[in-house]
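Residue numbers start from 1 in every chain, and the chains themselves are labelled A, B, ... in the order their sequence lines are given, proteins ahead of strands.
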Amino acid sequence: MTKVYDVQSIEEKWQKKWEQEHIYNVEEISSGEKYYVLEMFPYPSGRIHMGHVRNYTIGDVIARYKRTRGYNVLHPIGWDAFGLPAENAAIQNRVHPAKWTYENISQMREQLKRLGFGYDWTREITTCDPEYYRWEQWFFNRLYEKGLVYKKTSFVNWDPVDQTVLANEQVIDGKGWRSGALVERREIPQWFLKISDYADELLDDLVKLEGWPEAVKTMQYNWIGRSFGVEADFELKNSGEVLRVYTTRPDTIMGATYLAVAPEHPIVKQVSDNDDRVKSFVKECMKTSVSEADLETIEKRGVPLGINAVHPISRDDIPVWVANFVLMSYGTGAVMSVPAHDQRDWEFAKKYDIQIKPVVYPADNSELDLGKEAFVEKGILKNSGQFDGLNFDQAFEKISEYLESESRGCKKINYRLRDWGISRQRYWGAPIPIIYCDSCGEMPVPDEELPVELPVDIELDQKGIISLSNVKEFIETKCPKCGGLAKRETDTMDTFVESSWYFLRYASPEFNEGIFDRKSVSYWLPVDQYIGGIEHAILHLLYSRFFTKALRDIGMTDLDEPFTNLLTQGMVIKDGVKMSKSAGNIVDPDEMIEKYGADTVRIFMLFASPVQRDLDWSEKGVEGAYRFLNRVWRIVVENLSKIQGINKTELDVSALSEEEKSLLIKVNRTIKKVTDDFERFQFNTAIASIMELLNETSKFNAASESGLYILKKSIFSMVGLLFPMAPHITEELWQNLGNRNSLVDSRWLVFDQDIIESSEINIVIQVNGKVRSQISVSPDADQDFIKNLAFEDQKVKGYIAGKEIKRVIVVPKKLVNIVV
RNA sequence: GCCUGGGUGGCGGAAUAGGUAGACGCAUUGGACUUAAAAUCCAAUGGGCUUUAUGCCCGUGCCGGUUCGAGUCCGGCCCCGGGCACCA
């Protein structure tokens with residue numbers, strides 16, 4: 001064994017060995033339990049970044065730990081390979097997206113291997129491979145058959161100079177990122193998946209996800225946003241048409257003093273043709289991006305449409321406005337505005353001098369002051385005719401009943417969740433398998449003609465842009481029904497479609513008779529532990545849940561939910577901001593590996609911060625991790641010859657010296673602590689406690705055979721506990737310690753509870769809640785005994801002398817508090 | 001704007017069910033070893049006070065509350081991060 005910890009050769013040696021022995025490849029076996037641990041697969045952007053390193057280190061530790069606990073562990077990896085950056089690279093570097101993507105993949109694959117992650121590489125998936133997206137197209141057809149696919153128009157960001165659709169990310173301060181032109185909203189036909197059909201189940205099943213963070217569940221709950229309200233019809237005076245509004249506060253309906261509709265609402269068009277003011281306002285409203293954050297932060301503005309509507313209950317005339325804060329995509333695209341009881345309506349009414357009519361009063365009879373803000377709480381109705389005196393619940397019932405009896409409204413459940421628009425006017429994506437025939441209409445591509453392959457063998461144009469709408473050979477096809485000339489859909493699918501089912505494909509990645517082998521999926525799924533960034537809390541996870549349920553409903557699986565447990569990791573921060581190319585604060589993992597080794601980088605990542613929280617990058621911290629592993633190396637080197645011959649199996653604990661006993665207890669406590677921490681994924685404190693054990697072991701002087709045995713046990717324990725986090729150095733040490741087996745297939749360490757409980761425990765004595773003294777007692781000392789000891793304590797006596805003792809609180813095994 | 005998470009020494013963080021605030025690491029300072037440096041090892045390290053002690057007081061973003069006892073629970077505020085449906 002070398003004196004020096006030779007990082008590079010050790011890591012290379014073990015990586016080679018693991019790969020040669022295919023040690024991480026797994027199969028379905030009938031005995032024992034399976035465990036499927038999965039990290040969110042990477043987008044092949046070029047090189048691995050620290051965020052990946054963190055994510056995959058956490059996953060690798062869990063996979064290795066579970067394997068030592070006897071599970072049959074599936075730990076796969078793949079590539080989320082379609083997406084926008086590949087097209088940007090094409091434009092910037094004139095390189096074909098496919099070439100760029102595959103080159104990135106091979107580079108990143110090597111980087112992952114260099115970090116020592118134990119993946120089953122035989123299951124590697126690449127989503128831009130036709131053998132992958134073929135099944136996605138097949139699934140699209142099933143959804144189409146079930147009526148879960150439909151086409152409608154919706155808005156996109158349009159760059160009027162570049163004549164292209166822009167992603168929200170490409171709109172900066174309302175302008176196209178390359179052209180700098182003011183972005184417009186443009187309405188185009190697009191394909192949608194009816195996720196709204198699953199809104200109730202997606203919402204109600206959240207309670208079943210006990211292994212998910214509350215924050216993620218709350219965010220999904222609010223995102224789906226089920227609300228109970230009322231739809232009410234306001235008749236338009238000019239046309240007799242009905243304007244339907246949705247409200248969750250029907251109790252305030254008598255206070256409605258105007259209606260507001262979205263700029264895209266059909267009735268606006270009728271007016272804007274003859275009203276220049278409305279026309280220019282609507283045009284103005286179209287000059288924003290489609291992102292909700294932008295819409296919600298712009299100044300609230302509106303103009304009157306010049307038409308009135310009849311209130312469905314009071315029959316009063318109220319004016320109709322068009323306003324930029326009303327969303328066409330939510331409810332009916334029209335709202336009744338009650339300035340007295342809604343803050344946004346209040347501000348709008350103040351701005352445009354519209355009447356404010358209070359109809360709900362505080363239940364405690366306190367005064368209603370609408371001078372500064374709206375009164376938005378629920379209360380008692382007044383000025384509401386027949387509904388006066390009712391509270392919210394009563395008013396909700398009576399008013400909806402009344403509207404229903406007059407055929408002017410009804411109760412309605414609404415969702416904030418919108419259907420999923422999957423059309424992208426982009427090249428680098430999976431083609432949507434639809435054919436348009438002039439005589440037969442639109443239809444899906446028959447299953448036997450799948451995959452509809454994305455043509456890869458095409459040239460970039462002068463700007464580096466590729467568009468499917470220019471590829472004649474792709475577009476022109478024949479109609480599956482009549483055989484006549486027909487055209488293919490040129491939109492591709494949102495890349496979220498690929499990532500919504502990849503975790504199922506890992507169960508049988510080579511299967512070519514279907515989307516997956518049912519047998520394999522029922523063995524491996526659900527994913528026992530899913531790990532990824534908190535930024536995916538809503539979209540990716542919600543879409544994956546939707547796909548899983550839809551696959552179940554077409555009879556492909558029995559799964560209700562894809563991910564049993566979810567761990568959301570924080571970001572990697574440097575100098576106060578997220579580590580990213582755009583911030584210019586990237587630290588290349590390869591450089592760190594070269595300098596300190598993969599084990600050091602892994603240990604730092606795990607030690608610097610708890611997994612759910614953001615992690616501050618610090619090279620000083622990396623050096624600390626490196627020092628720690630060097631100390632581990634050295635303690636083995638220095639003691640190797642001493643402990644080699646020790647084969648003791650029985651220990652007489654009562655005959656041990658204090659020092660020996662103390663280390664023995666520490667070893668057992670550390671095993672317990674690290675085990676508990678691993679179960680909770682608290683790797684930072686697990687490492688801290690191994691460091692404590694190392695500190696105590698370094699000070700230890702083995703003076704007897706028992707002492708040497710305890711020293712050996714401590715060293716073996718440290719190596720075993722560190723293995724899932726630092727696999728290379730521990731395998732090397734393990735072998736040098738005379739073991740023949742690999743730690744990969746070893747069993748997790750056990751601790752002896754009796755030894756842990758054999759030491760005395762510390763009891764804190766407080767007087768009036770302040771710590772004044774401490775005593776040491778055996779763990780089974782009873783309360784009265786501890787109480788008496790506390791009162792006899794010299795320091796305590798000084799604090800309680802001459803004072804009346806009001807109360808004594810004894811918390812077993814913790815403290816005594818004397819209140820005087 | 002809406003939804004959501006966070007704020008503890010010089011720094012990263014610990015305190016698992018309301019019970020010793022600051023484990024472990026980094027940095028800094030002093031010492032040992034060395035011709036010297038690096039590496040390593042040992043020690044000190046939240047702030048203040050003076051009577052220098054087995055001492056006292058303050059201290060977990062801010063204000064208030066509950067409790068024998070609050071970093072932890074409750075109410076109100078401030079600041080920072082994540083998401084907002086075409087970045088992935």
Closer than 4.0 Å, any side-chain N/O of [X] to the OP1 or OP2 of [N]?
X        : N      : result
A/Asn695 : B/rC24 : no
A/Arg807 : B/rG69 : no
A/Arg627 : B/rA27 : yes

Item to check | A/Glu619 bridged to A/Lys574 by N-O distance under 4.0 Å | outcome: no
Checklist entry - Are the aromatic rings of A/Tyr415 and A/Tyr330 close, with centres under 6.0 Å apart? => result no
Next on the checklist: Could you check, using the six-membered ring where one of them is a Trp, whether A/Tyr502 and A/Phe41 have ring centers closer than 6.0 angstrom?
Outcome noted: yes
Next on the checklist: Testing the 3.5 Å rule here: is there a donor-acceptor pair between the side chains of A/Ser499 and A/Asp80?
Outcome noted: no
Checklist entry - Expressed as a whole number of Å, how far does the C1' atom of B/rG25 sit from that of B/rA14? => result 11 Å
Checklist entry - For A/Lys770, which contact category applies under a 4.0 Å heavy-atom criterion: base, sugar-phosphate, or nothing? => result sugar-phosphate
Checklist entry - Contact class for A/Pro213 vs. all strands (heavy atom < 4.0 Å): base, sugar-phosphate, or nothing? => result nothing
Heavy atoms under 4.0 Å is the rule here; annotate [range] 5' to 3' with B where the base is hit, S where only the sugar-phosphate is, and - elsewhere.
range                        : answer
nucleotides 43-54 of chain B : ------------
nucleotides 76-88 of chain B : -----SBSBBBSB
nucleotides 15-23 of chain B : SB--BB--B

Checklist entry - Any idea how A/Phe546 and A/Trp420 line up, ring-wise: parallel (<30°), tilted (30 to 60°), or perpendicular (>60°)? => result perpendicular
Item to check | A/Tyr626 and its side chain to side chain contact (heavy atoms under 4.5 Å, CB included) partner, picked from A/Val7, A/Ile603, A/Asp599 | outcome: A/Val7
Item to check | Chi angles and distances behind the ring-ring contact (aromatic ring centres under 6.0 Å, His included) call for A/Trp79, A/Tyr43 | outcome: CA-CA 6 Å; A/Trp79 311 95; A/Tyr43 178 78; 9.9 Å; no
Checklist entry - Can you check whether A/Lys666 reaches A/Thr697 side chain to side chain, under 4.5 Å on heavy atoms? => result no
